[in-house]
Protein chains: 2
Amino acid sequence: MEEGTSNSPSDCCSTERDYDIHQWDSREECEVRQILDRIADKWSLLVIALLEKRTLRFTELRKSIDGISQRMLTTTLRQLERDGLIERTVYPVVPPRVDYALTELGCTLHETIKALVVWTETNQAKIISARRSYDERASEKLW
Amino acid sequence: MEEGTSNSPSDCCSTERDYDIHQWDSREECEVRQILDRIADKWSLLVIALLEKRTLRFTELRKSIDGISQRMLTTTLRQLERDGLIERTVYPVVPPRVDYALTELGCTLHETIKALVVWTETNQAKIISARRSYDERASEKLW
DNA sequence: AGCTTTGGTTACAATAGGGAACCGAGGATT
DNA sequence: AATCCTCGGTTCCCTATTGTAACCAAAGCT
C-alpha cells in the first residue's frame, strides 16, 4: 500500500512534449532503450562530433580521440556503421585507406549531440563547483 | 607523409557553431570529456528523463527503469547528486522515504536529453532497417 | 516473536573495456 | 633480395566496471 506517491511535481520544468517514459520498462522489448544505449556511449559521441567537420581516416580519428584504443575505435565505428550513422569507404590501395563519413542520418543525430556538448561546455563550471561542495559536505559528515 | 588528408567535407552538415574538437584530446585535463562521460551514461539519461515529470522515490525509479540494479541506481543517483543535477531529500521516517528531484541545472540538461530521446524515437525505424541490411550484407560476405 | 517495507551496503561473479603484440600486402630502404 | 614501414585492423590477456544476490536497520502490523 503506497502512502501518497503523488508528490509535488518539480516545478522548474515544463512538460512540453509528453514522450513516453514507460516505454523504457522492458530491456529487451524496447528498441528506444537499445538505440539510446548505443548513442549514450562516450566514444560514439566523440566520433560523431569529429566526423561532422569532415570525412576522416581511421588513424586521424584515433589521433583526435586521445585515450581510445584501436580496438574500441574499431568496435565503435562498426556499430555506428551498422546503425547507418556513418559510412565506411575502403580504397583498395597499399597501405590501406579507409574513410569514415557521417551519413545523412548521422548528421541529424549530430545536431542533438552538439546541443549536449554545448550544454556541457556552458555548465561545466557549475558542475565542478557542485562536486566540490558535495565532497566537502561528505567529508564533514564523515568526521 | 600524408597524401591528401584534406578531403571533401561531408556536405550534408552545416558547421554552424565551431565548438572545439581538439579539446577532447587529453583525457585527464579535459573537464568537458569527464562531464560528458557522466552524462553519456545510459542510466543517468534515463533517471534524468524520468525525474523531469515529477519527484520520484528510490523504489519508483527502480520500478520505472527495468533492468537497473539497486546498486547501479544508488551509484547513478549519487553521481548525479554530486554533479548538482538532482536533489536528494531524506525524510526521517520508518520505513525510510527518500525523494529525488531535478535541480534547475538538471532541468536545463533535460532539455537536450529530451531532444536526444525524441531523435531516437523518430529515427528508430531507420536504424533498425540499417542494422538489418548491414547484417544481411555481412552474412553474404561470410559465405 | 516474526514478517514486512524502504533504501540502501557488501561480497562476489560476469562482462565490458584497455594494452600490447601480431598480421597482411605491397612499396621503400639498404 | 631481405628487411622495414605503413595502415587498418584482429587476437589475447588482464583489469575495471557492472550486475546479482544476500544482508541490514528500524519501526509497524499480525
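Every chain is numbered from 1, with letters handed out A, B, ... down the list of sequences. Just so we're clear, the structure is a prediction, and the values are computed from it rather than from any experiment.
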By the 4.0 Å heavy-atom rule, please label Thr59(A) as base, sugar-phosphate, or nothing.
sugar-phosphate
Once you round to the nearest 0.5 Å, how far does OG1 of Thr103(B) lie from NZ of Lys126(A)?
9.5 Å
[N] [atom2] sits how many Å from [X] [atom1], rounded?
{"X": "Ile68(B)", "N": "dT20(D)", "atom1": "CD1", "atom2": "C1'", "result": "14 Å"}
{"X": "Arg97(A)", "N": "dA25(C)", "atom1": "CZ", "atom2": "C1'", "result": "18 Å"}
{"X": "Glu81(A)", "N": "dG8(D)", "atom1": "CD", "atom2": "P", "result": "14 Å"}
{"X": "Arg62(A)", "N": "dG18(C)", "atom1": "CZ", "atom2": "C1'", "result": "14 Å"}
{"X": "Asp37(B)", "N": "dG17(C)", "atom1": "CG", "atom2": "P", "result": "12 Å"}
{"X": "Leu73(A)", "N": "dT11(D)", "atom1": "CG", "atom2": "P", "result": "17 Å"}
{"X": "Met72(B)", "N": "dA21(D)", "atom1": "CE", "atom2": "P", "result": "16 Å"}
{"X": "Leu61(B)", "N": "dG7(C)", "atom1": "CG", "atom2": "C1'", "result": "12 Å"}

Is Glu60(B) reaching over with its side chain to a backbone N or O of Arg57(B), donor-acceptor style, under 3.5 angstrom?
yes
Residues Ile48(A), Leu102(A); criterion side chain to side chain contact (heavy atoms under 4.5 Å, CB included); working and verdict:
CA-CA 7 Å; Ile48(A) 289 169; Leu102(A) 279 193; 4.2 Å; yes
Side chain to side chain contact (heavy atoms under 4.5 Å, CB included) between Arg33(B) and Lys42(A), intermediate numbers included
CA-CA 9 Å; Arg33(B) 268 279 289 276; Lys42(A) 63 181 169 183; 6.0 Å; no
Test item: Leu61(B) and Leu77(B) side chains (from C-beta on) under 4.5 Å apart, heavy atoms:
yes
Which is more 5' along DNA chain C, the nucleotide nearest Pro95(A) or the one nearest Thr75(A)? Just name the residue.
Thr75(A)
Could you run down nucleotides 8-14 of chain C 5' to 3' and tag each one B, S or - for protein heavy-atom contact under 4.0 Å?
BBBB---
Phosphate OP1/OP2 of dG18(C): any Trp43(A) side-chain N/O under 4.0 Å:
yes
Consider the side chain of Val94(B), meaning its heavy atoms from C-beta on, and name the nucleotide among dA27(D), dT6(C), dG19(D) that approaches it most closely.
dA27(D)
Step through the shown structure and confirm whether more than 12 heavy atoms of other residues, nucleotides or ligands are within 6.0 Å of CD on Glu87(A).
no
Any salt bridge between Asp135(A) and Arg137(A), counting N to O under 4.0 Å?
no
